[in-house]
Undergrad: 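One structure, pasted below without further comment.
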2 protein chains.
Amino acid sequence: MTAPKFDVDPWGLSTGSLDAECLAHEESVFGLSNGHVGWRGNLDEGDPRGLAGSYLNGVFEEHPMPYAEDGYGYPETGQSVINVPNGQIIRLAVNDEPFTVRHGTVEDHARRLDFRDGTLSRALTWTTPAGDAVEIRSTRLVSFEHRAVAAVRYSVRALTSPVEITIESEVLANEPLPTEHGDPRVKDLLAQPLVGLASTVSGSSATVVHRTRESGLTVATGMEHVIADRSEAGEPSAVVQTHAEGDVARTTIRASLRAGESLDFVKFVGHEWSARTSVAALQEQVGTAVSEAVREGWDGMLDAQRRHLDAFWSGADIRIDGEPRLQQAVRFALFQMHQASARLEMRSIPGKGLTGSGYEGHTFWDFEAFVLPVLISTTPRAAEQALRWRHATLGHARDRAKLLHLEGAAFAWRTIDGRESSGYWPASTAAFHINADIAVAVVQYVRATGDVAFERECGVEMLMETARLWLSLGRRDDEGAFHIDGVTGPDEYSAIMNDNVYTNVMVQLNLRGAAAAARAHADVARDLGISDEEISAWETTADAVHIPFDAKRDVHPQAAGFTELARWDFDSTHPEQYLLHDHFPYFDLYRKQVVKQADLVLALLFAHEAFSYEAKDRAFSYYEGITVRDSSLSAAAQAVIAAELGHLDLAYDYLAEVATLDLDDLHGNTEEGLHIAALGGVWMAIVCGFGGLRDGASGPTFSPRLPPRVSRLEFGVRLHGSVIDLDVTPSHTTYRIREGSALRIQHCGEEILVGPDGEVRMPNSPLQSAGSPPAQPRGRSPRPAGRAFSER
Amino acid sequence: MTAPKFDVDPWGLSTGSLDAECLAHEESVFGLSNGHVGWRGNLDEGDPRGLAGSYLNGVFEEHPMPYAEDGYGYPETGQSVINVPNGQIIRLAVNDEPFTVRHGTVEDHARRLDFRDGTLSRALTWTTPAGDAVEIRSTRLVSFEHRAVAAVRYSVRALTSPVEITIESEVLANEPLPTEHGDPRVKDLLAQPLVGLASTVSGSSATVVHRTRESGLTVATGMEHVIADRSEAGEPSAVVQTHAEGDVARTTIRASLRAGESLDFVKFVGHEWSARTSVAALQEQVGTAVSEAVREGWDGMLDAQRRHLDAFWSGADIRIDGEPRLQQAVRFALFQMHQASARLEMRSIPGKGLTGSGYEGHTFWDFEAFVLPVLISTTPRAAEQALRWRHATLGHARDRAKLLHLEGAAFAWRTIDGRESSGYWPASTAAFHINADIAVAVVQYVRATGDVAFERECGVEMLMETARLWLSLGRRDDEGAFHIDGVTGPDEYSAIMNDNVYTNVMVQLNLRGAAAAARAHADVARDLGISDEEISAWETTADAVHIPFDAKRDVHPQAAGFTELARWDFDSTHPEQYLLHDHFPYFDLYRKQVVKQADLVLALLFAHEAFSYEAKDRAFSYYEGITVRDSSLSAAAQAVIAAELGHLDLAYDYLAEVATLDLDDLHGNTEEGLHIAALGGVWMAIVCGFGGLRDGASGPTFSPRLPPRVSRLEFGVRLHGSVIDLDVTPSHTTYRIREGSALRIQHCGEEILVGPDGEVRMPNSPLQSAGSPPAQPRGRSPRPAGRAFSER
């Protein structure tokens, strides 16, 4: 573990850690972002650092994709997120002694991420090797209001003796990011991805413009410094000079401080990019963004940040009483998801958000599956923008389908701009379920928000193209059953099997959603060329989809024949052999019953109406015994189904796992960025697990049921155009409409109407004994929640 | 098609073609080799050329293997055959005008590969742009007697006017070979693989020594020139100078010729390599090899070459009366297989022999499956050497098994030195059948030759290690049946399926062979640590191997569930979409019923005793309908089974296809080298198809049956330590023991004893009507033999 122990704090995350081993992890969890600009929590002075990270959502470089053996349809071009010019850097020298935490003496070092202020603050005192002591404070933010702008307030105070201060505040391009690519072509491209095109300097501001070599994206970065007026205080003015040359723009500030005096300034940084806009226009754009921020000033930006987050929290907060660390972790998850999404514009959220370069900055299916449901309730505009981005990639998806000799559209398994960038088809191209995941997300978004404009402009077409894909991908057998052969489900320890149940039940939802949308918007359907016959074909095919069942074992197989495979030899697998795919070949994982991440169990959640309670119970028991959770995408779904089946302690343990995954670095790779979808899983585990939320063809239902260590749970959910708040205690649930009109819901099986005024208070169903919870493979049980929230 | 039309000639292949488009193809079919040294049929002057090619069996360079996405167990290092220094080059200038066929006027250009002389000869007249005419003749051989030596006799005669002749005869290192590797690391390594270590010059001889950068192999090349004594003829002596520098050693010969006079010399070239020997020792070794060849002289080498081939043909020839082009093609196949194998020493035969760099010079399973059976009858020493090489790679194979967490040994799917070099595991690592192919080859070799020394020194261990592999790879189900899940059979349009029938029946032979060998050599078994219990386990497991059968369709599925997959839409597949894998993604090929190459049908041949006649009949009909023969390894097995089932015309068409595959360049890639296994298939189609040879646990059987257009067929086969000759006419077969003791065989179901003296003449079974032959997918029927042997 490389994570520090964070202080318990309901609205923030703070640590005094200065452990070099923890630095990269801290940079991820202390990352600031608004979904457009992302700054990792690098130390202001840039050194030491884990991984330098400054990102713009959508900015990437292309590179060749090398294969040991080529094959038809393999993508030839990959995409990798790159660092945009780094505006974080503020180097300090005291009496010519450069400040780093590795030299001299650092005391009282503290950093805090504030969930309500939206700032990362830092304070410390530093005594130079020569014995001069200064106090350093910095506070930074990535603005939710000024989409292109980040800012840092930086101050240094002489404590004991007069000192000469030199500040070098930079925008630095072409900082390399880690690459695992062996191909030197890729290494070279990613080592120096930016070519300088232009730079301007004016007073203490500078603008630099770069372009990526291969992907041809233009990136503009501006900075401006506002120094607290020192002459008023009777102090000598600071000397300020700004230069820009090569990969660096630098403002140098020199000042002489007597003991007790301080230098205090704000650095405003603007980031913009475009694939089309001219250099001059982009330069102008970033300059304007910075100027407006300067005009608003630091205090104004701080206020706006707070106001934005107050509004966010008033709608999005989940109050969970019991374990303070859980409450903190839940708010961390919600805050980071908001940071990843707040200012999305026709973009999606990468697997790591804008907190690291893991997964090369790619977006996957788990955005639609795990993150979008949260955004629908907390930030519906971001959900819409992300789905509109998917819609905008339909051209690439149609091209991909055509290349594969399929109808409709095949969305990219991993991508930044919509083009397929995966290099291992059994776990990408064959994982066609992403298309149903996106389609079902469209249905969910429209159902929850009632956004008819989106449905008409994008939704019908997305549902149509995915429905067409399925009809061309599957086939009818002699008895008329519809099969989808040779595909890979969510579980990446299986591949290329027939009739993956998850895929097939999601396809049913996709086809039915397509038919319903086309019937609801007949004019749109007509314009898209959807005939009545086609709609009928979607409906009859949905009904004909084969859902395999193993009658002998009385359980759904993950895919046809899965339950007949040999069971993985868990007893002979050593703890250090997990993650299994790092220690065993795929051929062996694929042919045995071992599940990396919830697959059939995820189907029990996402297509909950397709399974009886008894089928869920049997399936959960069966798959718990073979699921190893080598993926961060597993525990949340397991938590939800465990809760549904009454295994509340197990559900709570799973919630604890997913809630501490990044804070405690459980997967050992948080340094590459946060697991955004797992953070979405925190919401899912609570709202769908302990709140028991399901929504489907037969309307929304809640079955609230708290685990023993939670005394009260409050959250709100967007449903059918309204927002409903729940206040759950062990015995009762109180429903209130916060926004919109009355809602007819089921509470623990009982239909109730919650009106826009007043509240409805209902008793929770008493917990029936669920029997002992099912066992996990040896050594793969979740860490008990009690330990998760107390240890470390 | 890029193949010229060759003259019909029972003992040679000749053409007057000078079509640049055909050059690369001609270089492959005109290649000379002895299994150790291989020279492509490049023009002496080196330009124009298709692909320069000079190979030493076993010499390769290592290179990194790039993957778009890494995985556990993926080989990190690849191997590629490289060009050893090229000793073919003899450049000629006439009155300073350099000779190439592209300048001046070339007349009567003719080249001929002689199957009995073992030479490639060439003749032409060339008139320079200035009008001076010369006659050029060259004859080259790669010696069967002097394993390290090739030689060229070269003469140039002034025809009409006195001319000044300059010859530059070279050894040229680092000639690049084509690479499809996109990774520039690989390109760079393979572009200049050799580093010069030493060179010596002495008179008109030179030796150069190089080493490969990464694989560390030392390669020595020597040359010596013997010029016909011109002073005796009263002609002025030639002026000879030899230099060696950098990548070139060059002997320059200058002579003045009056009209009618000629310059005539022999170039002797020696090639040696070693992974261990010192530079000096290797230099000495190649020098000695060249000196001995010089001492023997050109005429002596020619005589030895002819004697060697006379002996070969007396044992190996197949006489097939009917189509002269078929007779020619059959002898071409036998000759090229002999060239690929004659002087093997602890090496195998690459997929392309030493005729090209296709498949990177790798050896595959098809050597044991398709080539070894021929060698057993024609060149048993080569068969032994190749199997001993496999045995020598057991260390690598054990390492590979261990990496895969398996017992025993897992032989490399593609390799030069025994280490796995494949970059796509679904069609390599998962294709475990190679281990059974090798094991069954061991059983066949020992059964045919009675080579007990090999069996004891190598065979038992190879059978043991492969048997151990299977027991760890497979698993017993609740009913005790033994299954092998998640493997790939010979058909590369399927992958990762359960209970591939081919694999499973071969595993039965492997396990039974292992048990029998261990019981026969109890002392060897004991030394290897084989217990009686282990032997029993092999036997009981062999009996328990599950062979899936589709009762509904009354046919064996290629693997479990195969016959339930969707059938490929052949009717919508355009002719230009073959080869399918160049036009469709693997995911789609894998999930449908479409067969690249005989898989179940190959099982009907290799494990013939596991299937009833009726099962074979049904299976052949079924699989003919879905087999597209996108691999050169398919037609031969289809020919054999077609013949067995009485479809003699179809069998003959398949024989014609495999016999003309390289001569007519049916796959369009003969330029990369000959398809050695397909050439082995020619023998197989004739001997096992029309001769009806099978050998197995119940002894050897023949069921000779000639197709209508063959009037007589004569061949010999090695069986149980003897060699038996067959003389087959449409009505009768005459058996004679050529070598060894009496043989008890079955002829058309009747048991007969063929004694060492005299002959047994038996009537062939009359052909029962087999009904109409099964149909192939649209457009994938073989070219009718009549057209194959007349057209082009």
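As the structure is a prediction and not an experimental result, all values here were calculated from the model. Quick note on labels: first sequence line is chain A, next is B, and so on, each numbered from 1.
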Undergrad: What pair of heavy atoms forms the shortest contact from B:P585 to A:H405, and how long is it?
TA: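 Between these two residues, the closest heavy atoms are CD-CD2, 4.2 Å.
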Undergrad: Nearest 0.5 Å, what's the CD-CG distance between B:Q593 and A:D485?
TA: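 So the CD of B:Q593 and the CG of A:D485 are separated by 10.0 Å.
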Undergrad: At a heavy-atom separation under 4.5 Å, does A:D477 approach chain B through its side chain, its backbone, both, or neither?
TA: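 Contact with chain B is absent: no heavy atom of A:D477 under 4.5 Å.
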Undergrad: Would you name the heavy atoms of B:A68 and A:M65 that are closest together and state the gap between them?
TA: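 Looking at all heavy atoms of both residues, the shortest contact is CB-CE, 4.0 Å.
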Undergrad: Does the side chain of B:D588 come within less than 4.5 Å of A:Y72's, by heavy atoms?
TA: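 Heavy-atom side-chain distance check fails, nothing below 4.5 Å.
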Undergrad: Tell me, side chain or backbone of A:S428 under 4.5 Å from chain B's heavy atoms, or both, or neither?
TA: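 Nothing of A:S428, per the 4.5 Å heavy-atom cut-off to chain B.
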Undergrad: Counting C-beta onward and ignoring hydrogens, is there a side-chain heavy-atom pair between A:L404 and B:F584 closer than 4.5 Å?
TA: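 Counting from C-beta outward, A:L404 and B:F584 never come under 4.5 Å.
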Undergrad: Nearest heavy-atom pair of B:G486 and A:R591: which atoms, and what distance?
TA: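 Closest approach of B:G486 to A:R591: CA-CB, 3.9 Å.
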Undergrad: Count the heavy-atom pairs under 4.5 Å between each of B:Y586, B:F587, B:Y590 and chain A, then report the option with the highest count.
TA: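 Top count of heavy-atom pairs under 4.5 Å with chain A: B:F587.
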Undergrad: Is the shortest side-chain heavy-atom distance between A:Y67 and B:Y67 below 4.5 Å?
TA: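 No. Closest side-chain heavy atoms not under 4.5 Å.
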Undergrad: Should the heavy atoms of other residues, nucleotides or ligands under 6.0 Å from CD of A:E407 be counted, would the total exceed 12?
TA: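 Not more than 12 within 6.0 Å, no.
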Undergrad: Spell out the residues in residues 560-570 of chain B that have some non-hydrogen atom less than 4.5 Å away from a non-hydrogen atom of chain A, in order of number; otherwise answer 'none'.
TA: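 Under the 4.5 Å heavy-atom cut-off, B:E564, B:L565, B:A566 qualify.
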Undergrad: Would you mind telling me which of B:V487, B:L473, B:T429, B:T488 has the largest number of heavy-atom pairs within less than 4.5 Å of chain A?
TA: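 Highest number of pairs under 4.5 Å: B:L473.
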Undergrad: Decide if atom CZ of B:F549 counts as having more than 12 heavy atoms of other residues, nucleotides or ligands within a radius under 6.0 Å.
TA: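 Yes - once you tally the heavy atoms of other residues, nucleotides and ligands closer than 6.0 Å, there are more than 12.
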Undergrad: Looking only at heavy atoms, which of residues 571-582 of chain A get nearer than 4.5 Å to chain B?
TA: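 So far as heavy atoms go, A:Q577, A:H581, A:D582 are the residues that approach chain B to under 4.5 Å.
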